[in-house]
Trainee: 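My questions all concern the structure below.
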Amino acid sequence: MAASLQRLTSAGRYLLQRQLQKTYSLKRVRFILAAGPHRLLATQAAHQVALNVPETKVTTLENGLRVASEDSGLTTCTVGLWIDAGSRYENERNNGTAHFLEHMAFKGTRKRSQLDLELEIENMGAHLNAYTSREQTVYYAKAFSKDLPRGIEHKSEKTQTFLETNLQEVVFDYLHATAYQSTALGRTILGPTENIKTINRGDLVEYITTHYKGPRIVLAAAGGVAHDELINLAKYHFGKLPGRYQGEAPALPPCHFTGSEIRVRDDKMPLAHIAIAVEAVGWSHPDTIPLMVANTLIGNWDRSFGGGVNLSSKLAQMTCQGNLCHSFQSFNTCYTDTGLWGLYMVCEPGTINDMMHFTQMEWMSLCTSVTETDVARAKNLLKTNMLLHLDGSTPICEDIGRQMLCYSRRIPLHELEARIDAINAKTIKDVCTKYIYNKAPAIAAVGPIEQLPDYNQIRSGMFWMRT
C-alpha cells in the first residue's frame with residue numbers, strides 16, 4: 001500500500017491529503033502518507049477517501065441522453081461521450097465502421113478544417129482522444145474548466161457530422177475469434193482490410209442513425225465542472241438527438257463461447273505470445289466481483305519486477321524462480337452478458353510447457369485450496385488499485401461513463417468496498433469451480449509455439465483427479 005501511495009501524482013496526493021484532513025490532523029495525515037509498513041493505517045485512509053468522494057450527479061434529458069458528473073473543484077476537467085455501440089453491433093459487411101468513425105474524430109468538420117481544429121485545440125491547451133471497444137465507443141477531451149463549453153461543442157460536431165505490430169492486440173483478436181467464433185464478439189474492432197477500403201459516407205450515416213440514440217449515450221464529466229452548466233450544454237448540443245427508434249430497437253447480438261484454439265506458428269519470432277481463457281460473466285453479474293478478486297490473486301509479472309520469492313503472487317514466485325516467461329498478465333474482460341477470464345503470457349520457446357503447467361496448477365489451487373490469508377491480501381490489493389486508478393479527472397470521467405453504460409448508475413466506492421469485503425475463501429473456491437474447474441478453455445497462440453501442449457492435454461489440466 002505504501003508503495004502504491006508513493007506512485008500517486010502530486011495532484012493525487014494533494015487530493016488524498018485534503019480528504020484525510022477532514023478526519024485527521026495535518027500531522028497525522030502526513031504520517032499516514034509517509035507510512036511504509038503501516039498497512040492498517042493506509043487501509044483506514046483509503047476507507048476515509050471512499051466515504052468522502054464528491055457526489056456523482058445524474059440527470060436524464062427528454063430524449064433519454066444521460067448527463068453524469070463529479071465536481072472535485074479542480075481547474076481542469078475531462079468531458080466525454082460514452083456511446084453504447086461498438087463492433088458487436090456490426091455485421092460482416094460493415095465490420096470496422098465504429099472504429100472508422102472514431103478515427104474520423106480527428107478530422108475536420110463542416111465548421112472547421114482539420115488544421116483549424118488542431119490549432120484551436122492547441123490554443124486551448126486541450127487534449128482530445130477516442131477509442132472503440134467491442135461494445136462501446138468513446139470520445140473525450142481534457143481542458144481547463146473555463147473551456148468546457150468549447151470541449152462539448154467539439155464532441156457535438158464529431159457525433160452529428162459526419163496493425164499487427166502490437167502482438168498483444170493480435171493475440172486477443174485471435175482469442176475472441178476462437179472463443180466467440182461465428183458471433184459478433186468474434187469480429188475484430190478494426191475490421192478486415194476489404195471492409196475498410198469500401199466504407200463510404202452512406203455506411204457511416206446508417207450506423208450513426210441506427211445506434212447514436214439518446215438513451216444509448218452518456219455525457220460524462222469530472223474535475224472542475226458544474227452539473228447545471230453541463231445540463232444546459234447537453235440540451236443545447238445534444239437535445240435534438242433522436243430518443244426513439246422508428247421501428248424495433250436493434251437487439252444485442254447473442255454470443256456463445258466455444259472452447260477451442262487458434263495457433264499461428266512462426267519460428268522466426270523470438271518469443272511466443274499466448275492467451276488462455278475460460279468463459280466468465282457480464283458486468284452486472286453477482287460473480288463479477290469474486291472473479292476480480294481471483295484475477296488479482298493470479299496477478300501479473302514481468303522481468304523488471306523485483307522481489308523474487310517475496311512476491312505476493314504464487315505464480316509470480318514460480319515464474320521468477322524458474323525463469324519461465326518474460327511476462328504474464330491475468331485478465332478479466334467483461335461484456336454485457338459474457339466475459340473472458342484468463343492469462344496472457346510472453347515466453348521463450350523452451351519454457352512454454354512449464355509456464356502453461358504452473359498456470360493451470362494455480363488455477364486449480366483457486367478452486368480447491370486458496371486460503372483466507374491469500375484472499376484477504378488480494379482484496380486489499382484490489383481496493384488499493386481501484387483507488388489509485390481514480391487519480392485525476394480523466395480516469396474518473398472514464399469510470400463514470402463506463403459504469404453509467406454498464407450499470408445505469410455509478411456504484412459508490414463504499415458499496416464496492418463492502419461487496420469486496422464480503423468475499424471469503426469459500427466464495428473464491430465456489431466461483432472458480434463454477435467457471436474454471438473442468439471447463440474447456442479458449443487458446444490463442446502466436447510465434448514459436450512448437451512446445452505448446454496439444455489442446456487435449458491442456459484441457460486435461462483443467463481438473464485434478466480426486467481420490
Trainee: Scan side-chain atoms only and decide if Asn353 and Gln451 contain a donor-acceptor pair under the 3.5 Å cut-off.
Mentor: no
Trainee: Of all the heavy-atom pairs spanning Ala444 and Val171, show the shortest one and how long it is.
Mentor: CB-O, 3.6 Å
Trainee: Checking the side chain of Asp302 only, and the main-chain atoms of His326 only, is there a donor and an acceptor separated by less than 3.5 Å?
Mentor: no
Trainee: Please report the shortest heavy-atom distance between Val375 and Asn424, naming the atom on each side.
Mentor: CG1-C, 4.1 Å
Trainee: Charged N to carboxylate O below 4.0 Å: is that the case for Asp173 and Arg187?
Mentor: no
Trainee: So Phe331 and Phe172, ring pair (Phe, Tyr, Trp, His ring centres under 6.0 Å) or not? Walk me through it.
Mentor: CA-CA 11 Å; Phe331 60 86; Phe172 273 88; 4.9 Å; yes
Trainee: Looking at Arg263 and Asp454, is any side-chain nitrogen of the basic one under 4.0 Å from a carboxylate oxygen of the acidic one?
Mentor: no
Trainee: About how many Å separate SG of Cys432 and CD1 of Ile298, when rounded to the nearest 0.5 Å?
Mentor: 8.0 Å
Trainee: Any donor-acceptor pair under 3.5 Å linking the side-chain atoms of Glu261 with those of Thr178?
Mentor: no
Trainee: Using a strict 4.0 Å threshold on nitrogen-to-oxygen distance, state whether Glu279 and Lys439 make a salt bridge.
Mentor: no
Trainee: Going by atom types alone, do Arg459 and Asn438 pair a side-chain donor with an acceptor below 3.5 Å?
Mentor: yes
Trainee: Which pairs, with at least one residue in residues 175-207 and sequence neighbours excluded, count as a ring pair (Phe, Tyr, Trp, His ring centres under 6.0 Å)?
Mentor: His176-Tyr335, Tyr207-His211
Trainee: Should Lys57 and Asp228 count as an ion pair when the cut-off is N to O under 4.0 Å?
Mentor: no
Trainee: Test Lys379 against Asp374 for salt bridge (charged side-chain N to carboxylate O under 4.0 Å, His left out), laying out the working first.
Mentor: CA-CA 9 Å; Lys379 291 193 298 183; Asp374 291 335; over 6 Å; no
Trainee: Name the residue from Glu398, Glu415, Glu70, Glu55 that meets the salt bridge (charged side-chain N to carboxylate O under 4.0 Å, His left out) definition with Arg410.
Mentor: Glu70
Trainee: Pairing donors with acceptors under 3.5 angstrom, does anything connect the side chains of Asp203 and Thr97?
Mentor: no
Trainee: One thing to verify: whether Arg93 and Glu194 come together as a salt bridge, which I'm taking to mean a side-chain N less than 4.0 angstrom from a carboxylate O.
Mentor: no
Trainee: Strictly by modelled atom types, are Ser69 and His227 linked by a side-chain donor-acceptor pair under 3.5 Å?
Mentor: yes
Trainee: Measuring from atom CZ of Arg216 to atom CD of Gln136, what distance do you get when rounded to the nearest 0.5 angstrom?
Mentor: 11.0 Å
Trainee: Could you grab the distance from atom CE of Met404 to atom CD1 of Ile411, nearest 0.5 Å is fine?
Mentor: 11.5 Å
Trainee: On a heavy-atom basis, which atom in Met462 and which in Pro441 lie closest, and how many Å separate them?
Mentor: CG-CD, 4.1 Å
Trainee: Where is the tightest heavy-atom contact between Glu90 and Gly96, given as atom of each residue plus distance?
Mentor: OE1-N, 2.8 Å
Trainee: Looking at Asp430 and Lys434, does any basic side-chain N land under 4.0 Å from a carboxylate oxygen?
Mentor: no
Trainee: For the residue pair Trp82 and Leu219, establish whether any side-chain heavy-atom pair is separated by less than 4.5 Å.
Mentor: no
Trainee: Show the nearest heavy-atom pair for residues Thr132 and Ala98, with the distance to one decimal.
Mentor: OG1-O, 3.6 Å
Trainee: May I ask you to say whether Glu62 pairs ionically with Lys235, meaning some side-chain N is under 4.0 Å from a carboxylate O?
Mentor: no
Trainee: Minimum heavy-atom separation for Gly447 to Met269, with atom names?
Mentor: CA-SD, 3.7 Å
Trainee: Hey, are Asp421 and Arg419 close enough for a salt bridge, meaning a charged N less than 4.0 Å from a carboxylate O?
Mentor: no
Trainee: Who passes side-chain contact (heavy atoms from CB on, under 4.5 Å) against His389, sequence neighbours left out?
Mentor: Pro395
Trainee: Any side-chain donor-acceptor pair under 3.5 Å between Thr183 and His256?
Mentor: no
Trainee: Step by step, would you call Trp341 with Trp363 a ring pair (Phe, Tyr, Trp, His ring centres under 6.0 Å)?
Mentor: CA-CA 11 Å; Trp341 188 98; Trp363 285 11; 5.2 Å; yes
Trainee: Is it the case that Glu102 and Thr137 place a side-chain donor and acceptor less than 3.5 Å from each other?
Mentor: no
Trainee: Report the distance from atom CG of Leu74 to atom CD1 of Ile396, rounding to the nearest 0.5 Å.
Mentor: 7.5 Å
Trainee: Does any donor atom in the side chain of Tyr344 or His273 lie under 3.5 Å from an acceptor atom in the other side chain?
Mentor: yes
